[in-house]
Amino acid sequence: MEQLLNSNISSVQNIFYNYIQKQGVFKDKNALTSSFIPSNIQHRENEIKQLSLMIAPMLKGFQTSNIFIYGKCGTGKTMSSRFVLNQLESASKEHKTHPLKSIYVNCKMKKVADTEYRLLTQFLKELGENVPDTGLPTDVLYRRFFDRIENGNTSLIIILDEIDTLYRKIGDEFLYNLTRINTELKKNHITIIGITNDISFKDNLDARVRSSLSEEDIIFKPYDAIQLKDILMMRSTKGFVDGAINEDVISKCAALAAQEHGDARRALDLLKVAGEIAERLGDSIITEKHVDMAEEKIDMDRIYEIIKLQPKQSQIVLYCIIKMTKRQNDNKKWVDKRVLTGDVFDEYVKICNNTNMKVLTLRRVSDLIKELDMLGIIDTRVISKGRYGRTKEIFLTINENMIEKTEKQLESHIF
DNA sequence: AGTCCACAGGAAGGGCAGGCGA
DNA sequence: TCGCCTGCCCTTCCTGTGGACT
């Protein structure tokens, strides 16, 4: 027994020793993450200039317009905004101008920034106030927030990233209240920068919110394959050791990401994960084979992550959708196979009864299906079947060769 | 043209847990 | 301790709807 333990220790120690000794492919892995803000942001010079000009008056204590930034994911919206605000704050400190503070909130963060109360506590905490996570009336929080800004000596810039998610969750009352607070402030000001990838989002807003919130717009166009390659080349130089990666591999990552609406985040992920896979396999050079493996791993990880975070009822609903989709023995291509809400619900009831789970109503299951759609794991479309009623067609968006793995993963959670 | 189906999805509210402040 | 507040998950009730069928 003791001998077995010792052999385990020595094998693990060996892995660590080899890792330390071996020259890996990474020089600075951080440079390959999407949260890394480089000192030189490529192909976004115009947008950065535009944004800087819009918020520069804050340095002299003037009120500036609220700004809306549009662009698909991975087009550099967040990175450019954070870059400009970092520069703005340091300019303010360096030249001792009107003091400024910026707060960045990703509205997609569940349990952090998805309700009015949570957002206000987040703002207050950033401003140094101690507020409980629950318990206080919302109007008390608004008052504290107002007092803090009015009686403090800093103006505030709030970046609301993925603002469309916030709107879908809590409506536009919160945004309206923020703009109202701003009109009542005398000494300091708030500027709101809303970031979204939904170009039509603004149309949904109440007219009074739209007029005050979206005074200036900036649109970030998707990167093309050449621009993506430039970005990846620059990041690779920082991120990988010399000779670990060649131009062909970078081109492949750029081309794959360009197919997905020029998503730089995806391109960087591919590069980083390909590097990790190469390292794990003991290869000192990253090849196109590693990129292929990285592509599959990223997609699978995303699905696992979504599944893991879903409540059990939602997992059962997804499991039923997969089972019903697989059950179709027609000649249709996988992407054309679809199931209907009613069929999913019938299957759901059966599974709940078999597993002694509480059976939720059709109304609730319908909402769970909608949530899965929003997560991008399924696609839905409302259709009419004439006198046989109206329902929802549900398509799986999971890659066909990942279905089995996803199903097994769900089974391990449910049963 | 009217009927009818099978839901979609909005609104309201119940019930529970967690937390605050007097 | 108790009243009040919030978030969260859920149900109930209801109206709306597109198009096949009569």
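- Sorted by first and then second residue, the side-chain hydrogen bond (donor to acceptor under 3.5 Å, both in side chains) pairs with a member in residues 55-65 of chain A read A:Q63-A:H189, A:T64-A:T191; sequence neighbours excluded.
- The separation between A:Q122 atom CD and C:dT6 atom C1' is 17 Å, rounded to whole Å.
- C:dC9 atom P lies 16 Å from atom NZ of A:K312, rounded to whole Å.
- The separation between A:E393 atom CD and B:dA6 atom P is 17 Å, rounded to whole Å.
- The interatomic distance linking A:L124 (CG) with C:dT6 (P) rounds to 15 Å, in whole Å.
- Shown here are the side chain to side chain donor-acceptor pair (under 3.5 Å) partners of A:T196, two or more places apart in sequence or in another chain: A:D164.
- Rounded to an integer number of Å, the gap from A:I383 CD1 to C:dA20 P is 11 Å.
- Spacing between atom CZ of A:R364 and atom C1' of C:dC13 amounts to 17 Å, rounded to whole angstrom units.
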Provide a list of protein-nucleic acid N or O atom pairs under 3.5 angstrom, restricted to nucleotides 7-11 of chain B.
from   : atom 1 : to     : atom 2 : distance (Å)
B:dC7  : O4'    : A:R390 : O      : 3.4
B:dA8  : OP1    : A:T341 : OG1    : 2.5
B:dA8  : OP2    : A:S366 : OG     : 3.4
B:dG9  : OP2    : A:K392 : NZ     : 2.8
B:dG9  : N7     : A:R363 : NE     : 3.3
B:dG10 : N7     : A:R363 : NH2    : 2.8
B:dG10 : O6     : A:R363 : NE     : 2.8

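- At the heavy-atom level, A:V359 lies under 4.0 Å from the strands shown only through sugar-phosphate atoms.
- One can place OH of A:Y142 at 15 Å from C1' of C:dC5, the figure rounded to the nearest angstrom.
- Spacing between atom CG of A:D346 and atom P of B:dA6 amounts to 11 Å, rounded to whole angstrom units.
- A donor and an acceptor atom, one from each side chain of A:D373 and A:T380, are located under 3.5 Å apart.
- With sequence neighbours excluded, the residues that form a side chain to side chain donor-acceptor pair (under 3.5 Å) with A:E411 are A:Y319.
- Under the rule for a side chain to side chain donor-acceptor pair (under 3.5 Å), the partners of A:D301 that lie at least two apart in sequence or sit in another chain are A:K297.
- Contact between the side-chain N/O atoms of A:Y388 and the OP1/OP2 oxygens of C:dG19 is not found at any separation under 4.0 Å.
- For A:Y223, there are no ring-ring contact (aromatic ring centres under 6.0 Å, His included) partners at least two apart in sequence or on another chain.
- With rounding to the nearest 0.5 angstrom, the CZ atom of A:R266 is 5.5 Å from the CD atom of A:E295.
- With sequence neighbours excluded, the residues that form a side chain to side chain donor-acceptor pair (under 3.5 Å) with A:R363 are A:D367.
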So which protein nitrogen or oxygen atoms get under 3.5 Å of nucleotides 1-3 of chain B's nitrogens or oxygens?
none

Can you give the donor-acceptor pairs under 3.5 Å from side chains of residues 45-55 of chain A to other protein atoms, not counting sequence neighbours?
from  : atom 1 : to    : atom 2 : distance (Å)
A:E45 : OE1    : A:H43 : N      : 3.4
A:E45 : OE2    : A:H43 : N      : 3.3
A:S52 : OG     : A:I48 : O      : 2.6

